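Notes follow the structure.
From a predicted model like this one, the values you see are computed outputs, not experimental measurements. So that the names make sense, note that chain A is the first sequence line, chain B the second, and so on, each numbered from 1.
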Number of protein chains: 2
Amino acid sequence: MNSPAPDRMMRAMDGKDDHDRPAPAKRPASRGVTMEAVGRLAGVSQVTVSRALSDPSKVSPATMERIREAIELTGYVPNALAGALASSRSRLVSALVPSITNVVYASMIQAFGAGIRDSGYQIMLSETGFAPQDEEALVAAHLSRRPDAMLLTGIHHSARTRRMLLGAGIPVVEVWDITDSPIDLCVGFSHIETGRAVADYAADAGHRRAGVVSAGDERARRRMAAFTERFRARTGATAAQALFPAQASLECGREGLARLIEAEGFTGGVVFCSSDLLAHGVLIEAQSRGLDVPGEVAVIGFGDQDFSPWTSPGITTVRVDRPAFGHAAARGLLARLQGGSAETTVIDLGFEIVPRGSS
Amino acid sequence: MNSPAPDRMMRAMDGKDDHDRPAPAKRPASRGVTMEAVGRLAGVSQVTVSRALSDPSKVSPATMERIREAIELTGYVPNALAGALASSRSRLVSALVPSITNVVYASMIQAFGAGIRDSGYQIMLSETGFAPQDEEALVAAHLSRRPDAMLLTGIHHSARTRRMLLGAGIPVVEVWDITDSPIDLCVGFSHIETGRAVADYAADAGHRRAGVVSAGDERARRRMAAFTERFRARTGATAAQALFPAQASLECGREGLARLIEAEGFTGGVVFCSSDLLAHGVLIEAQSRGLDVPGEVAVIGFGDQDFSPWTSPGITTVRVDRPAFGHAAARGLLARLQGGSAETTVIDLGFEIVPRGSS
DNA sequence: TTGTAAGCGTTATCAC
DNA sequence: GTGATAACGCTTACAA
């Protein structure tokens with residue numbers, strides 16, 4: 001019931017045309033269509049276009065329609081950078097994981113992304129590798145983009161990193177590990193309990209000799225250490241070790257068992273590996289040496305990968321519900337983002353030992 | 001040799017203190033440390049801080065040092081949003097892949113990320129899934145963040161998507177497929193040639209009966225179609241088909257062979273799968289049915305995954321150099337970004353058939 | 001070497 | 001329901 005369309009269409013033509021305004025000067029002619037341009041075409045001001053986009057109910061249907069047309073015509077794509085700067089909300093969520101080629105993290109992030117995206121947020125993903133010092137620089141780089149929230153893998157962060165995070169004043173979720181003193185939210189499981197549970201499982205099965213094959217990451221080491229300690233407490237035996245500095249691979253697994261046998265005096269027993277990939281390697285190496293699995297060498301992995309039930313024999317492993325971490329992390333962050341609620345801040349999702357033929 | 005530090009320190013104190021300036025009004029007290037604040041602390045203007053950060057050589061060592069201290073003291077983190085808005089360069093590169101849990105794409109992106117990050121760019125990663133219509137919305141969402149460049153997986157995009165991309169005026173690289181009419185750059189291999197090569201390989205090996213097991217993605221279907229056509233041309237036989245709408249899984253592979261045998265009248269021969277995961281499933285299903293591999297059922301996969309050499313028998317597969325795609329894509333984009341050069345726009349990285357025990 | 005002024009394209013806050 | 005106007009925190013001329 002406001003001024004009819006023709007009137008506004010006129011307004012679009014008067015005094016606003018490029019030729020009778022002071023020359024724009026300097027800057028290159030066009031860096032993309034702006035709300036200004038869309039508004040001009042639709043015969044409304046830039047602000048109205050902004051409103052039309054953010055809350056259509058605040059704009060008359062007729063105006064709305066003309067704006068829609070103008071957008072379609074110009075191929076206008078909003079500038080989220082400008083929007084974020086003006087509103088202090090970027091609708092960006094940072095996610096830092098050690099590695100994306102590791103299915104374990106990939107599937108967690110996949111679930112996290114799905115959850116977060118449904119609420120209109122976009123993910124900025126980076127790999128930290130397994131070196132803690134790199135994390136600091138990455139966190140700084142991400143914070144400079146002013147994310148509305150951040151997901152971090154693990155609970156060990158440099159003092160400076162914590163300070164930056166706290167200073168940013170955004171919700172943070174630490175995943176894949178558990179702690180009593182999270183920066184903010186925490187969704188994970190206990191690596192120490194995992195190691196102990198596996199040791200108990202092995203000891204209960206009657207094993208009296210053990211070895212571990214582990215990749216370089218700190219959490220894996222913690223599982224191995226807890227395993228070793230508990231296994232010694234239960235059996236008096238000290239587990240032989242084959243540790244690799246780098247990321248796990250099937251190759252490492254083969255070499256790991258070889259090293260256990262040739263350099264560490266491992267003469268059979270149970271081998272706990274920091275991942276199913278390593279476990280698969282150990283399995284293959286054992287078989288290629290004519291060692292019976294699980295008779296002479298029993299193998300236990302970690303992560304319950306897709307292939308683990310299907311090797312021969314299937315790999316006994318520790319299962320954690322990867323997507324659940326992602327979902328819980330997304331839920332927690334979104335709650336903070338929307339309500340600012342502070343309910344449960346630490347969620348222990350636990351783990352489960354999956355017995356299969358290899359042990 | 002300019003005005004000594006004390007002088008400037010004084011300046012920091014005169015007429016710039018909060019109490020004798022017009023009250024900032026409205027806005028919440030502090031939304032984060034700004035260059036302005038850092039400058040005030042260091043006794044210089046905001047611009048000088050900007051310069052210190054972007055090109056230290058333009059600032060005197062003494063000033064530089066005081067700015068450094070002020071930054072340290074305040075915990076200043078630059079606002080890249082504002083920077084990007086002002087300079088029209090976001091130092092953001094978008095990457096769209098079908099799935100991050102698929103190692104094939106993950107390792108490509110890992111290489112791409114490493115390359116791009118070294119030049120100071122950050123990646124915004126999203127999963128498109130395998131539905132083309134979703135891509136359009138994702139591309140729009142990414143473009144709204146004003147990335148400096150974009151990586152797309154595949155060569156089939158909606159008209160609207162192409163228009164948006166062209167309109168954005170940024171370098172674009174399409175990976176993982178090949179075409180004569182790329183949007184901009186293209187790094188990939190021919191899925192049709194791949195299918196044909198596998199058919200030739202199978203026919204040369206004496207196979208006269210064939211089946212295919214394929215996941216839902218379009219490129220996989222194209223490989224399968226090319227295989228089927230060429231195999232028919234060579235042998236006169238039509239390959240039996242088991243097609244799955246969703247993403248590949250080991251389970252699908254098992255069911256695929258079952259379906260081939262029970263519903264499609266497949267009585268043995270060669271089975272070409274759209275991924276090694278499927279091939280592994282076929283392998284397992286064949287063995288669990290007491291069928292000899294490769295004697296009764298020969299299996300060929302695609303992607304040369306980590307585990308493929310280690311199954312029993314090892315999986316014959318098609319290898320593509322995943323990291324190479326990422327590297328080449330990064331190189332191409334960076335060249336555009338830096339020089340704007342337009343040299344080779346289409347790079348065919350080819351593929352290689354890796355014969356193993358399964359065929 | 002340093003500072004001033006004018007944007008960048010939005011959103012937020014008021015008026016009307 | 002719509003429009004001015006002032007931020008948002010930077011970068012880019014241009015001046016000193």
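- A donor N or O paired with an acceptor N or O is found under 3.5 Å between the base of D:dG3 and the side-chain atoms of A:Arg51.
- Sequence order on DNA chain C of the closest nucleotides to B:Lys58 and A:Arg89 puts B:Lys58 first from the 5' end.
- For the helix from C:dT1-D:dA16 to C:dC16-D:dG1, the terminal axes (five pairs an end, C1' atoms, rotation from four pairs onto the next four) enclose an angle of 30°, given to 10 degrees.
- When distances run from any side-chain atom of B:Gln46 to the nucleotides C:dG9, D:dC10, C:dT13, the shortest one goes to D:dC10.
- Contact between the side-chain N/O atoms of A:Thr63 and the OP1/OP2 oxygens of D:dT2 is found at a separation under 4.0 Å.
- Computed from coordinates, the B:Arg40 CZ to D:dG9 P distance equals 12 Å when rounded to whole Å.
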What's the verdict on salt bridge (charged side-chain N to carboxylate O under 4.0 Å, His left out) for B:Asp184 and B:Arg336, showing C-alpha distance, side-chain angles and the deciding distance?
CA-CA 10 Å; B:Asp184 184 9; B:Arg336 277 268 196 285; 2.5 Å; yes

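- Atom CD of B:Glu65 and atom C1' of C:dT1 are 17 Å apart (whole Å).
- A salt bridge links A:Arg160 and B:Glu72; the closest N-O separation between the charged side-chain nitrogens and carboxylate oxygens is under 4.0 Å.
- The nearest whole Å value for the distance from the CG atom in A:Leu85 to the P atom in D:dG9 is 7 Å.
- In this structure, CG of A:Leu53 is placed 16 Å from P of C:dG9, rounded to the nearest angstrom.
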For a side chain to side chain donor-acceptor pair (under 3.5 Å) check, start with the C-alpha distance between B:Thr128 and B:Glu135, then their side-chain angles and the critical distance, and finish with the verdict.
CA-CA 6 Å; B:Thr128 53; B:Glu135 193 190 56; 5.6 Å; no

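- B:Val59 comes within contact range of the sugar-phosphate backbone alone, with a heavy-atom separation under 4.0 Å but no base atom that close.
- When only modelled atom types and interatomic distance are considered, A:His142 and B:Gln122 share a side-chain donor-acceptor pair under 3.5 Å.
- Put simply, B:Ser50 has a side-chain N or O that comes within less than 4.0 Å of OP1 or OP2 on D:dT11.
- Here A:Glu69 does not pair with A:Arg66 in a salt bridge; the nearest charged N to carboxylate O distance is not below 4.0 Å.
- Here the C1' atom of nucleotide D:dG3 and the CD1 atom of A:Ile67 are 12 Å apart, to the nearest Å.
- Contact between the side-chain N/O atoms of B:Thr48 and the OP1/OP2 oxygens of C:dG3 is found at a separation under 4.0 Å.
- Remark: P of D:dG9 and CG of A:Leu143 are 15 Å apart, rounded to the nearest angstrom.
- DNA chain D is contacted by both A:Ser45 and B:Gly83; A:Ser45 maps to the nucleotide lying nearer its 5′ end (nearest heavy atom per residue).
- Taking every side-chain heavy atom of A:Asn79 into account, C:dT10 is the closest of C:dT10, C:dT4, D:dC10.
- One can place CD of A:Glu36 at 14 Å from P of C:dT11, the figure rounded to the nearest angstrom.
- With sequence neighbours left out, B:Arg89 forms a salt bridge (Lys or Arg N to Asp or Glu O under 4.0 Å) with no residue at all.
- B:Leu337 and B:Ala149 make their closest contact through CD2-CB, 4.1 Å (heavy atoms, listed as atom of the first residue, atom of the second, distance).
- Of the candidates D:dT12, D:dC10, C:dG9, the closest approach to any side-chain atom of B:Val47 belongs to D:dT12.
- Taking atom CG of residue B:Leu81 and atom C1' of nucleotide D:dA7, one finds them 15 Å apart after rounding to whole Å.
- How far CE of B:Met108 is from CG of B:Leu151: 6.0 Å, rounded to the nearest 0.5 Å.
- Phosphate contact (OP1/OP2 of D:dG1, side-chain N/O of A:Ser60, threshold under 4.0 Å): absent.
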